[in-house]
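Letters A, B, ... mirror the listed sequences (proteins, then strands); counts begin at 1. All heavy atoms count here, side chains included; hydrogens, waters and symmetry mates do not.
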Amino acid sequence: MTKPDVTKNGGPAADGLSRRNLLRQAAATGAGIGAFSMGGAGNIQFIPAALAQNEPPMGTWPAGSQGPTVSIGATVPLTGTYAASGSDESKGMQLAVDHINEGHPLIKKIAPKVTKGLLGKQVKLLVADSAAKPNEAVQAQQTFINQNKIILMTGSTSSAVAVALNHFAEREKVLYVTAITGSNDTTGKDCVRYSFRQNFYGQTAAAAIGPVLLKQFGKNRKSAFMTPDYTYGHTVTKSVNDYLTQHGGWTMVTNQVSPLGTQDFSQYLTNIANSGAEFLLNVNWGRDAVLSIQQAKQFGIIPKMTLIVPYQTPFLAKEAGPELTAGVYAATDFWWTLEDKYPLAKMFVEAFDKKYGYKPEWGANNSYMQFAAWARMVSEAGSFYPPDIIKQYEKGETFPSTVGDVHFRPEDHQAVHPVIIVRGKKPSDMKNKEDYWEVLEVLPGAPLMQTPDAFGCKLGAYT
Amino acid sequence: MLRQRPFLVEALTAAGLIAVPFVLPYLGFTPATVNRILVWGLFGIGFDILFGFTGLLSFGQSAFFGTGGMVAAYLLTVLDYPDVFSAVFVGMIAAAVVGYLVGLIALRRTGIYFAMITVAIAEVFYFVEFNPLAAYTGGENGLPGVPTPTLHLGFTTLKFNTDKSLYIVLAVCYFVGMVVALRIVRSPVGAVLRAIRDNPLRAAAVGHNIHSYKLTSFVIAAAYAGFAGGLLGIMQGFMPPDAFTFDTSGQLVIQTAIGGTGALFGPLVGATVWLYLSDFLQTTLHLGATWKLVLGVVFVLLVCFLRHGIIGGIYDIYRLATGGSAAKAKAGDGTPAPAMTAEEERSATHAALAEAPAAMPMAARRRTGDEFVGPILEATALTKRYGGLLANSDIDFSVKRGERRGIIGPNGAGKTTFFKILTCEIEPTSGRIVFDGRDITGMSVTDVCQLGLTKSYQVNQLFARLTVRENLTISALAELRGKFRLDMFRSVPKIRGLAEQVEHTLALVDLKDRADVPVAALAYGEKRRLEVGLALASSPSLLLLDEPLAGMSPQERVEMVKLLKSISRGRTMIIIDHDMDSLFELVERVTVLQEGRVLVEGTPDEIKGNAAVQEAYLGGVVAA
Amino acid sequence: MINWANFISQCFNGLVLGALLALISSGLTIIYGTLGVLNLAHGAMFMLGGYAGWVAYSYTGSFIVAVIAGSMFVLVVGVVTERVIIRSFYARTPEDQLLVTFGLGIVFVETVRFFFGSLSKMVPPPPGLVGITPLGFMFYPTYRLALLAIVAAALLALYVVLYRTRIGMIVRAGIEDAVMVGSLGIDVYKVFMLVFGIGAMAAGFAGIVNAPVVSIAPDVGEAILVQTFVVVVIGGVGSFPGAVLGGLIAGEIISITSMFDPGYSYVMLFVAMTLVLVLRPYGLLGTAGRE
């Protein structure tokens, strides 16, 4: 690099960068044409691909959608506290991808414009272990973006992961559908333009289970909370406690906050045992939930206190045993016996059971549904260009799901989706070995939700 | 080896960093992996200064990595501080301050204790990050949304928002980090750190305040860790709480050990191997979680068989290939001279003493002021008690300026304990020592050496991995720079008077043609002379010599006596030895110790004829 | 919940936890005191004991067999490790010793992960010890009560070995002065091998008897290792009584702090360690011997 060069072009770095930008421009123009003709071959007539045709490249677009397949990167916990749920979620994801690629009737009910594949391309799912740690998830997604040019990210199971990936998605300009995350922050103060959540969360769980508890147990009761120490735990505990204190005059006599992955809960449980509480509201999740409930039994807290699970964890009854969950009230996103009520749920449960040999819990259902919704948005928009897909979501159109009609709120990217209240069955009442919960109510989502700006959501820019 | 060609290493580093984006993609490295390697490499530069150069193995570097990263990320995300580069800088300063405070506690101990304390303190940071400070650090959430850097140049704005453009930022940071580190290790501070690594006891005894230097090294390592932590947050747009885990510290240690210590590039090499293999084993071989097992086995094998890591291994191969080092060239030199009879020896000694000394000794420098004219050393009623055992009892001892004093006594007479008390290595139970008119009782060995009183040891205390010249440099630096000075960016050769002082001492102890040989390759007699040279290089006004002739062949003894004679001019010396013939040749007066007390004192001739002394020694012989 | 009942209950929790920490730390400290090697794989030994016991349990269904198998397996692992690897490190620097035991710890953990996966495993308590025992001030899980007795018995056994047998005398002498033992004409290597084995076994035994309380996973040893460091630093490196005292202190600090806020319990533990270091640099019962 000679001196005059430097002064003319603003230094070697600037020179390099601007040249790279030029190259990108060129690639994008070529790609735009490619995508267009590909669209024609894929037999989708009214693609507004022209919309995106002249846009500069962003994130993995258009590189990620130029070949015959498009890839989705999933970072789910395959090890650690949330491993059981993570593997269940990845099964739901795989089922959705299979259905998209074969044009399964269930997916066509949700996303009618899906043929075999999406816009003429096969979809490929890549899975990495996040161990429920944000750092691992971000690193794995970064690798997927670099090596596989993924066009969609998913996987969280810990809201800490979801929040980190939210911001990462915004920066990398790659779409992200969150998978399980219960924190209010995910579509609240940490919401971003590039991310969408379809499952229930602290606020809706509280608003759904609160009235049921007040109706069942009356006013002015004493509660002890167990809270995992991160955004999910704190927001769920706050939402539930706020509801119970404001509407029912309940008092929180203790809140035991434990780190994610705690093994021995004896110190926490001792505090609860001596607190004089009547109700144990356990917000712990995954293995933490199972262990804390088992140990609560060892310490005689259950059945002395009534256990309530405000945000249900998949496989709780299976792992802790139905004796422990009998009579327990819980809020959840989906339970497989809803198949009696919703035809799409029946199709889903049957397809899942056939492939994996057990009834899906809500993590798998959520994973499936969010891919189906995404496939709908992409096929309706007729484009892989991220802002086009986002705008399609933001139209807020109602579409069918396994729990009836749902839609996304444009203001905070949260799905308006019913919350299910269930109660644990006694082992003697179970009709089959997976009949752990009885569905009490299916509460429509809209009345439960806060106003979109209540948790400080400010979506970012499209580009 | 880092020193010979100025700027060669810097130039090669720059060239390497420029070449990387063009070469590594072909080897299967993604830009994200390359960036990650640079962050770990930068983190490791500081760690290598701490471990490789100072010999302090910390398992708690995660505390500083996390602190730097969190402070920078907090500024950038929560406070919306606009400038990424200065935020990282603030994070680095914060980490350094924290490093200083932690160092004050952790450096109270050394070795394994130090390692355990660092682990434990890092755990405190982990728990504090997760709980009391969760409002600031995000706890388990970490701090997401860390922005990428932009550079406003007035006429244009550079945005570093892709992996490839971030590489430019990270590479520049790494380069700057490396240049600074090279300056530090080439500075007098760097030299003293290496001396501490090799022999902390002697580094203190030649007059360096080793605690302050260790703390310096610890703070430097913390600053590098904080710097790297800040870059981590920027690189991935998210500051993870995982930065604080024990895993982070462990990975750093492993990478450094794999790459090699003491060359600054080791951690980079280690990180390259570690991250590449982890990518390769996971994405290409699909080993899943097993990748860590494979790397663990590789690590254990490396520690067992390749002691100095990959860089050390390459260096060894290079040395083999180039036909051995200077050390090997003269390896056969240590053969002892043919035995002499006592008579021959005595006449040889006389002959040697008659010759003119090889070089004039340097003048001893008085540092306590010139006004005092009394005895240079005056000890009163010195007593040292170990439990029920009296090692020294009520010793009064006085030496005149310029005197050569000998101390003899049977084994167990308390001679070495007496010396240790005089040089303040141990504190007397009672009594008082006055050196050059100044009460030095209870002072540290370092301060006493700075005043001009030092000792050569009975058992060699050398800096084993340094060359002869470097050994003497360490000692001379203490005199020229004082016990502690933070001249981290000064080049050693540029210190005025250093080269001549070292050369002079080299000539004096007759090791001029062995100057660049590592200590490990010296013959015993040479080591012994170097031992004396180390004491001498700080130009003491009072030199204590603990059995300088011990273990030497007759020929070597002759040379040593000659040396001692020559250096005694203008200097006060006290010598312990068992070789009475040689000793009586050398000294003017002799003090005889027995059972921790002064038995008698007098000229050599008086002592020779003293019945009590003969009795004591006869007794000694019988007892032996 | 700051009230008397809770205070007493938490003290009791602390006793159980402290006894367990004391047992694991004694293993670490006698190895260090005798061999001069700080075994960073000690946490992995704890974990190995749990897994070996779990394997034995899944084949036999007997808790007793699981405990014996767990301890014996770790004893053998300890002896073999000393013989094959540690022995060649006595002449190397303390830093090299730390590196190799650290590496061994990783290898043990990842080997277990390779064979048994990352999901946690549960060993149920023996049938007679299931359930709850009323203690007056609180209900306490019966097995945890039994655990206290089991661990106390193990500590007593270790005491007998150290203070009432010839090998114990040699070990204690070695802690005082390793050179002297060597000059007594005792085959020090044989002693070292045995001590390493016994020290590891203490951790392994703790690992399996603790398995019914919490489930076992490949990484359970890591947190324990750091806690044992604290125990050993508080009690004094190389001191068996120090390890017991340090363990109990650590257990009580963790539990009593939990009463106010569990989030601070580990912070307080490390603060206590720092205090000890400042006030008594060699630990409560340690002496300025080994560094």
Side-chain angles (χ1 to χ4, degrees), chain B residues 51-52 55-57 59 102 104-106 108-128 130-132 134 139 197 245-247 249-251 253-254 256-258 261 287-305 307 309, chain C residues 28 32 36-38 40 84-85 88-89 92-114 117-118 218-219 222-223 225-230 232-234 237 261-271 273-274 277-278 281-283 286 290-291:
Chain B
F51 176 41
L56 295 168
L57 176 51
F59 273 89
V102 170
L104 287 180
I105 299 169
R108 294 171 67 89
R109 308 297 299 277
T110 56
I112 279 162
Y113 241 120
F114 172 77
M116 286 162 76
I117 293 166
T118 52
V119 172
I121 292 179
E123 286 293 300
V124 175
F125 276 77
Y126 174 78
F127 287 113
V128 167
F130 265 77
N131 224 276
R197 171 194 68 197
T245 57
F246 180 66
D247 243 21
S249 305
Q251 197 172 329
V253 171
I254 292 178
T256 306
I258 289 179
T261 53
L287 284 183
T290 314
W291 70 274
K292 227 179 157 189
L293 174 58
V294 176
L295 282 177
V297 172
V298 169
F299 173 64
V300 170
L301 291 177
L302 267 176
V303 176
C304 286
F305 298 109
R307 293 183 178 201
Chain C
L28 187 74
Y32 181 71
V37 172
L38 181 69
L40 292 188
V84 176
I85 293 176
S88 56
F89 277 80
R92 309 233 331 230
T93 62
E95 285 76 21
D96 280 354
Q97 296 168 356
L98 288 175
L99 290 176
V100 79
T101 54
F102 183 60
L104 284 172
I106 293 175
V107 171
F108 289 146
V109 170
E110 297 305 325
T111 307
V112 166
R113 202 192 296 282
F114 178 75
S118 292
D219 45 11
E222 195 187 277
L225 180 69
V226 176
Q227 287 169 31
T228 51
F229 283 179
V230 177
V232 164
V233 170
I234 289 178
V237 176
D261 184 347
Y264 283 84
S265 50
Y266 289 94
V267 178
M268 285 308 294
L269 179 63
F270 292 110
V271 167
M273 182 200 77
T274 311
L277 273 176
V278 172
Y282 295 99
R290 288 193 186 268
E291 176 80 333

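- The shortest heavy-atom contact between B:Tyr113 and C:Gly283 is OH-N, 4.3 Å.
- Contact detail for B:Cys304 and C:Phe89: the closest heavy-atom pair is SG-CE1, 3.7 Å.
- For the set B:Ile121, B:Ile254, B:Asp247, the entry with the most heavy-atom pairs within less than 4.5 Å of chain C is B:Ile254.
- Heavy atoms closer than 4.5 Å to chain C are found in the side chain of B:Phe51, but not in its backbone.
- Note on B:Ala257, B:Ala106, B:Gly250, B:Ala122: by heavy-atom pairs under 4.5 Å with chain C, the leading option is B:Gly250.
- Each of C:Leu98, C:Val37, C:Val230, C:Ile106 has some count of heavy-atom pairs under 4.5 Å with chain B, and the biggest count is that of C:Leu98.
- Between chain B and the residues C:Met273, C:Glu222, C:Gln97, the largest count of heavy-atom pairs under 4.5 Å involves C:Glu222.
- Across B:Ile117, B:Val294, B:Val253, the residue that shares the most heavy-atom pairs under 4.5 angstrom with chain C is B:Ile117.
- The candidate with the highest count of non-hydrogen atom pairs below 4.5 Å against chain C, out of B:Val128, B:Leu302, B:Val124, is B:Val124.
- Between B:Phe299 and C:Leu99 the shortest side-chain heavy-atom distance falls below 4.5 Å.
- For the residue pair B:Val303 and C:Asp96, the shortest heavy atom distance occurs at CG1-O, 4.0 Å.
- Shortest non-hydrogen contact noted between B:Val119 and C:Val226 is CG1-CG2, 3.8 Å.
- Between C:Leu269 and B:Phe127 the shortest side-chain heavy-atom distance does not fall below 4.5 Å.
- In this structure, CD on B:Glu123 lies 9.5 Å from CG on C:Leu225, to the nearest 0.5 angstrom.
- Heavy-atom distances place no part of C:Ser88 under 4.5 Å from chain B, backbone and side chain included.
- Both the backbone and the side chain of C:Phe229 come within contact range of chain B, judged by heavy atoms closer than 4.5 Å.
- Considering every non-hydrogen atom in both B:Met116 and C:Val232, the closest pair reads CE-CG1, 3.8 Å.
- More than 12 heavy atoms of other residues, nucleotides or ligands lie within 6.0 Å of CZ in B:Phe246, so this atom counts as buried by the packing criterion.
- Contact annotation for B:Phe125: neither backbone nor side-chain heavy atoms come within less than 4.5 Å of a heavy atom of chain C.
- Interface remark: B:Ala115 contributes side-chain atoms only to the contact with chain C (heavy atom separation under 4.5 Å).
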